[in-house]
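Please read these numbers as outputs of a predicted model, since none were measured by experiment.
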Amino acid sequence: MTPRSPRAGEDADDLDVEEALALVNDAHTPGDRPSGDRTHGDRPSGDRTHGDEGTHGNGPHGIPVPGAPAHRDGADWTDARATAARAPRRSGGHRGGHLPPVSVPMPSALGLTLAAPLIALTDLPSFDTSAMDGWAVSGPGPWDVREEGVLAGHTAHAPLTDGEAVRIATGARIPPDTTAVLRSEHGRTDDNGRLHATAATRAPHTVSHGQDIRPRGQECRNGDQLLPVGTLVTPPVLGMAAAAGYDTLTVVPRPRAAVFVLGDELLGEGLPHDGLIRDALGPLLPPWLRALGADVVDVRRVGDDEGALHLALTACDADVVVTTGGTAAGPVDHVHPTLRRLGAELLVDGVAVRPGHPMLLARISEKQYLVGLPGNPLAAVSGLVTLAEPLLRTLAARPAPEGYTLPLRDAVQGHPYDTRLVPVALRGDRALPLLYNGPAMLRGIAAADALAVVPPGGAKPGYEAELLDLPWASGGIGVCFT
């Protein structure tokens with residue numbers, strides 16, 4: 001794309017992103033397709049694993065094309081997500097569908113969900129403490145100051161007598177018969193070593209009773225519920241638990257996930273050659289699954305061989321197996337036959353969404369699920385957010401993210417009868433649809449902040465689209481992938 005100067009009223013920073021990446025759908029409306037652009041799902045020549053049809057929206061935005069079928073094979077996109085979220089609740093396991101709780105050392109609980117309420121094991125604070133550096137004083141001033149001060153972590157000191165003060169540090173235990181704490185900046189000592197209150201907001205020689213003292217039990221009492229079941233363990237939760245006396249926490253563990261990348265045509269390194277292509281999903285899926293709360297225990301390449309796939313699945317003890325490719329009905333698409341051989345229950349077999357139509361969800365046993373993703377990269381991402389995310393969320397007892405919408409800056413061409421998931425960049429209060437959003441493309445999603453849910457028939461500029469945040473857009477790389 002040739003760089004251009006900002007038009008009047010445009011933000012130059014936004015244009016830098018758009019122009020440099022050449023990703024924003026800036027000028028093309030439905031029906032206008034740039035030469036050579038494969039944003040509408042044309043399958044690459046020789047593609048045999050994915051069966052992901054392109055988008056064909058030629059009607060008014062938001063209105064299905066006249067004459068299009070009323071429905072297609074495959075579940076409605078919203079229904080498919082709900083089925084994935086409900087699946088563990090119907091497997092005969094825990095009533096809530098999550099994995100059995102475990103007790104772990106507190107550092108290991110970060111990012112997990114509380115499976116038991118956090119109950120205070122002590123009063124907080126457990127004794128009256130000073131909220132400030134200053135003097136503990138008894139009665140009205142001026143005060144005679146004791147020679148030895150009171151420091152945090154030291155045992156209790158002798159009671160104060162009326163008209164007496166002692167130096168005290170923040171967090172130190174208040175001596176008996178203390179009236180208040182006088183802050184360092186609110187007091188001074190005279191030539192005779194006597195302490196005077198100097199705060200301009202108070203009358204001379206006076207302090208308020210209880211001033212700058214944290215009384216025992218101010219935050220909680222022993223036995224109080226601090227946090228309920230279902231709370232996500234964040235760094236502040238760990239700090240709260242430690243203050244309340246905990247060394248371990250009862251939590252729902254991370255679901256254990258295995259990734260099987262299927263296909264004989266995949267290369268692990270180097271440039272594509274001789275009909276072989278680089279494996280993009282092997283690097284993409286494990287960190288994304290970790291961002292969704294999974295513990296990825298196995299990543300392996302499995303060739304186009306039904307026996308090899310069957311052996312890999314029977315030997316796997318992960319809670320969730322994620323496969324790539326082989327979900328359609330081609331000559332080397334072995335996922336369906338293997339699931340039948342295993343006696344698996346097919347919960348979702350195809351979803352009315354583009355890209356990613358031939359995704360599937362199966363229950364292999366009461367304790368194991370398989371999410372079958374299409375082999376095309378963006379189609380696989382669609383399968384992740386449609387089926388893997390709600391399944392893993394339920395297994396880990398995580399709350400569903402709050403939904404939200406933003407208006408689309410540009411029109412988006414739709415499929416006549418299926419939902420579309422389109423990568424978008426968030427710019428202020430609008431979502432900018434990105435180019436290079438075909439099933440086999442990653443260029444758009446690599447620059448995206450979210451996926452926009454586009455209804456059948458497409459959407460006009462200004463349409464309030466539901467957005468699915470990508471994990472790193474809200475939490476940051478370090479938060480999501482560690």
Side-chain angles (χ1 to χ4, degrees), residues 81 84-85 88-89 94-126 129 131 170-171 214 217-257 285-297 319-320 384-385 388-404 426 448-451 466-482:
R81 297 191 84 209
R89 301 189 183 105
H94 192 278
R95 183 179 65 179
H98 61 69
L99 297 173
V102 295
S103 180
V104 300
M106 284 210 303
S108 301
L110 184 64
L112 304 183
T113 301
L114 289 181
L118 193 71
I119 305 298
L121 303 180
T122 182
D123 296 343
L124 285 181
S126 56
T129 63
T170 301
R214 290 190 65 207
Q218 181 186 52
E219 186 167 5
C220 67
R221 289 290 186 180
N222 186 4
D224 286 352
Q225 177 174 303
L226 303 175
L227 295 168
V229 169
T231 299
L232 182 68
V233 179
T234 62
V237 170
L238 290 178
M240 178 82 258
Y246 284 83
D247 298 312
T248 63
L249 290 176
T250 301
V251 293
V252 179
R254 290 179 176 83
R256 300 170 68 250
L285 289 176
W288 200 315
L289 291 168
R290 283 193 287 271
L292 295 178
D295 179 14
V296 180
V297 296
D319 302 303
V320 177
L384 271 182
V385 300
E389 187 275 331
L391 175 68
L392 291 168
R393 183 194 337 127
T394 298
L395 289 172
R398 288 188 170 194
E402 292 287 336
Y404 73 104
L426 305 185
D449 300 306
L451 289 168
E466 177 186 356
L467 296 184
L468 306 175
D469 275 337
L470 302 178
W472 54 89
S474 56
I477 295 293
V479 172
C480 289
F481 301 113
T482 56

Grab the two heavy atoms, one from Leu249 and one from Ala241, that are nearest each other, plus how far apart they are. CD2-CB, 4.0 Å

I need the minimum non-hydrogen distance between His98 and Ala397, along with the two atoms involved. CB-CB, 3.8 Å

Can a donor-acceptor pair be found, under 3.5 Å and without considering hydrogens, that links the side chain of Asp469 to the backbone of Ala450? no

Taking the side chain as every heavy atom from C-beta outward, state whether Asp295 and Asp319 have any atom pair closer than 4.5 Å. no

Side-chain touch Leu426/Leu467, heavy atoms, less than 4.5 angstrom: yes

Are Asp449 and Leu470 close enough that some pair of their side-chain heavy atoms sits under 4.5 Å apart? no

Measure the CG-CG distance between Leu99 and Leu392 for me, rounded to the nearest 0.5 Å. 9.5 Å

Between Leu226, Asp224, Val229, Val233, which is the residue that forms a side chain to side chain contact (heavy atoms under 4.5 Å, CB included) with Leu118? Leu226

For the student: nearest non-hydrogen atoms of Gly111 and Arg398, plus distance: O-NH2, 3.3 Å

Looking only at heavy atoms, the pair that brings Glu389 and Pro401 closest together is OE2-CD, 4.1 Å

To the nearest 0.5 Å, what is the distance between CG on Leu395 and CG on Leu292? 12.0 Å

Any donor-acceptor N/O pair, Arg81 side chain to Val385 backbone, under 3.5 Å: yes

Sub-3.5 Å donor-acceptor pair from the side chain of Tyr246 to the main-chain atoms of Leu238, do we have one? no

Thr250 side-chain N/O to Ala115 backbone N/O, donor-acceptor pair under 3.5 Å: no

Closest heavy-atom contact between Pro100 and Pro253? O-CD, 3.1 Å

Any side-chain heavy-atom pair from Val297 and Arg254 closer than 4.5 angstrom? no

Which heavy atom of Gly97 sits nearest to which heavy atom of Pro88, and what is that distance? O-CB, 3.1 Å

